[in-house]
Amino acid sequence: MRNTRERREQILQMLMEQGSVQVAELVPMMGVSAVTIRTDLSVFEDQGLVTRNYGGASMNRMPPQEQNIRQKDELNSTLKERIGARAAALVEPGDNIIIDSGTTTMPLARHLRHLPADARVTVMTNGLNIAWELADAEGVELMLTGGLLRKKSLSIQGSQAEASLNGYNFDKLFLGVDGLDLQFGITTHHEAEASINRKMVERAKKVFVVSDASKFGRVSLHRIIQMDRVHTVITDAGISTEYREGLQRLGIELIVVD
C-alpha cells in the first residue's frame, strides 16, 4: 500500500511523462478507489498543475527542456553573481560544506577563492566546474566525489559518487536547482542528479537553495526534496509576492539580493 504522498508523487511523475492520466487506469495501478484518485487530481488542480477533464486530467505545466551548462551559464549571469556573493558571505571559517554542481553555485565558488589561508573551509563537490574554480584556493581544502561525469552538466554522479559522501557530516549544503515549487518541492531534470542531491541533503545540517527567481514555479521531472527540508533560499528581487509569502509561511529563511 502506498501512502498518500507516495501515490501523488507517482501520479505526478506519470503526468509529467505522459501529459495526461485517466482515473480508470490509475485505480488498479494504485490500488485505491476512483474517489481517492479524483481527490488526488483535485489537489493537483488546486495547485494549478493540472486541468481536470472527463475521466482524468492533463498537465498544465510541462517540465522545461534541459539546457547544457554553457547555455545555462549565459542566463541571468549578473543575478547569479550577486546570489553567489551573498551565499559566500554565509560561509564561516572552519565550515565543512557541500557545493552542488551548477552555474548558480559557480559564483559562490569563485568568491571562496578569496578566503585567507587560515579560513580552513572544507568543500566537497560533485561539480567539475566547481572543483576547477577552487583547485588553487588557499583557504579551501577541496574534496571531490568519485563517480561518472555527466558532460551536459559537468556533474559527477552515480553510486560511487553517492557512496563517497557516506561517513561525512557537513555544516551546510549549497544546492542549485532546476525548479522550485511550493507544493512539489525542489526538482531537477536528471534522475541520477536528484539521487546524489538527496544524499547531500542527508549529510548536511542545513540546506541553502541558491536560485534566481526565474526557477520559481517550475516543476522538473525528478524531485530532490520537499520544501520542509530547506532552511534558507537565496534569490533575487524578481521573486513574486506569492513565493515570498509562501516561503515565509513555510518557515524558510529568505535572503533576497538587490
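Sequence positions, counted from 1, serve as the residue numbers for this chain.
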Derivation and outcome, side-chain contact (heavy atoms from CB on, under 4.5 Å), residues Arg52 and Arg38: CA-CA 9 Å; Arg52 294 287 303 281; Arg38 292 191 189 99; 4.0 Å; yes
Is the shortest side-chain heavy-atom distance between [X] and [Y] below 4.5 Å?
X      : Y      : value
Glu92  : Asp171 : no
Ile234 : Leu90  : yes
Val256 : Ile239 : yes
Arg203 : Asn169 : yes
Met227 : Leu180 : yes
Val91  : Leu112 : yes
Thr125 : Leu142 : yes
Thr232 : Ile252 : no

Working to the nearest 0.5 Å, report the span between [atom1] of [X] and [atom2] of [Y].
X      : Y      : atom1 : atom2 : result
Ser195 : Ile224 : OG    : CD1   : 10.5 Å
Glu141 : Arg120 : CD    : CZ    : 10.5 Å
Asn126 : Leu148 : CG    : CG    : 12.0 Å
Ser164 : Ile156 : OG    : CD1   : 8.5 Å
Ile196 : Gln160 : CD1   : CD    : 10.0 Å
Ser211 : Leu79  : OG    : CG    : 10.5 Å

Consider only side-chain heavy atoms of I, L, V, M, F, W and Y, link residues closer than 4.5 Å, and tell whether [X] and [Y] are in one cluster.
X      : Y      : result
Val207 : Leu250 : yes
Ile97  : Trp132 : no
Tyr168 : Leu175 : yes
Met29  : Leu12  : yes

Over 12 non-hydrogen atoms of neighbours within 6.0 angstrom of CD in Glu25: yes
Neighbour count >12 (heavy atoms, 6.0 Å) for atom CZ, Arg198: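 Counting other residues, nucleotides and ligands, CZ of Arg198 exceeds 12 neighbours.
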Positive for side chain to side chain contact (heavy atoms under 4.5 Å, CB included) with Lys80, one of Asp212, Thr105, Asp236: Asp212
Sole candidate of Met200, Lys172, Met143 that passes side chain to side chain contact (heavy atoms under 4.5 Å, CB included) when paired with Ile98: Met200
Which atom names give the shortest non-hydrogen contact between [X] and [Y], and what distance separates them?
X      : Y      : result
Asn53  : Ser58  : ND2-OG, 2.9 Å
Ile130 : Ser101 : CG1-CA, 4.3 Å
Tyr54  : Gln22  : O-OE1, 4.0 Å
Glu162 : Lys199 : O-CG, 3.7 Å
Val32  : Val27  : O-CG1, 3.1 Å
Thr39  : Arg8   : CG2-NH2, 4.1 Å

Pair [X] + [Y], salt bridge at N-O below 4.0 Å:
X      : Y      : value
Arg113 : Glu133 : yes
Asp40  : Arg7   : yes
Arg110 : Glu81  : yes

Kindly say whether [Y] contributes a backbone atom to a donor-acceptor pair with the side chain of [X] at under 3.5 angstrom?
X      : Y      : answer
Thr235 : Ala213 : yes
Asn129 : Thr103 : no
Arg223 : Phe184 : yes
Tyr243 : Phe216 : no
Ser20  : Ala57  : no

side-chain contact (heavy atoms from CB on, under 4.5 Å) between Leu41 and Ile11, worked out: CA-CA 9 Å; Leu41 297 180; Ile11 293 171; 4.2 Å; yes
Stepwise salt bridge (Lys or Arg N to Asp or Glu O under 4.0 Å) check, Arg150 with Glu193: CA-CA 9 Å; Arg150 184 169 184 252; Glu193 290 190 5; 3.2 Å; yes
Criterion side-chain contact (heavy atoms from CB on, under 4.5 Å) on Met124 and Leu165, from CA distance to verdict: CA-CA 9 Å; Met124 169 76 88; Leu165 291 164; 3.8 Å; yes
Thr188 side chain to Asp178 side chain, donor-acceptor N/O pair below 3.5 angstrom: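 Distance-only check passes for Thr188 and Asp178.
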Criterion side-chain contact (heavy atoms from CB on, under 4.5 Å) on Val210 and Leu108, from CA distance to verdict: CA-CA 9 Å; Val210 290; Leu108 161 61; 5.6 Å; no
Ring geometry between His111 and His114 (parallel below 30°, tilted from 30 to 60°, perpendicular above 60°):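 Ring orientation of His114 relative to His111: perpendicular.
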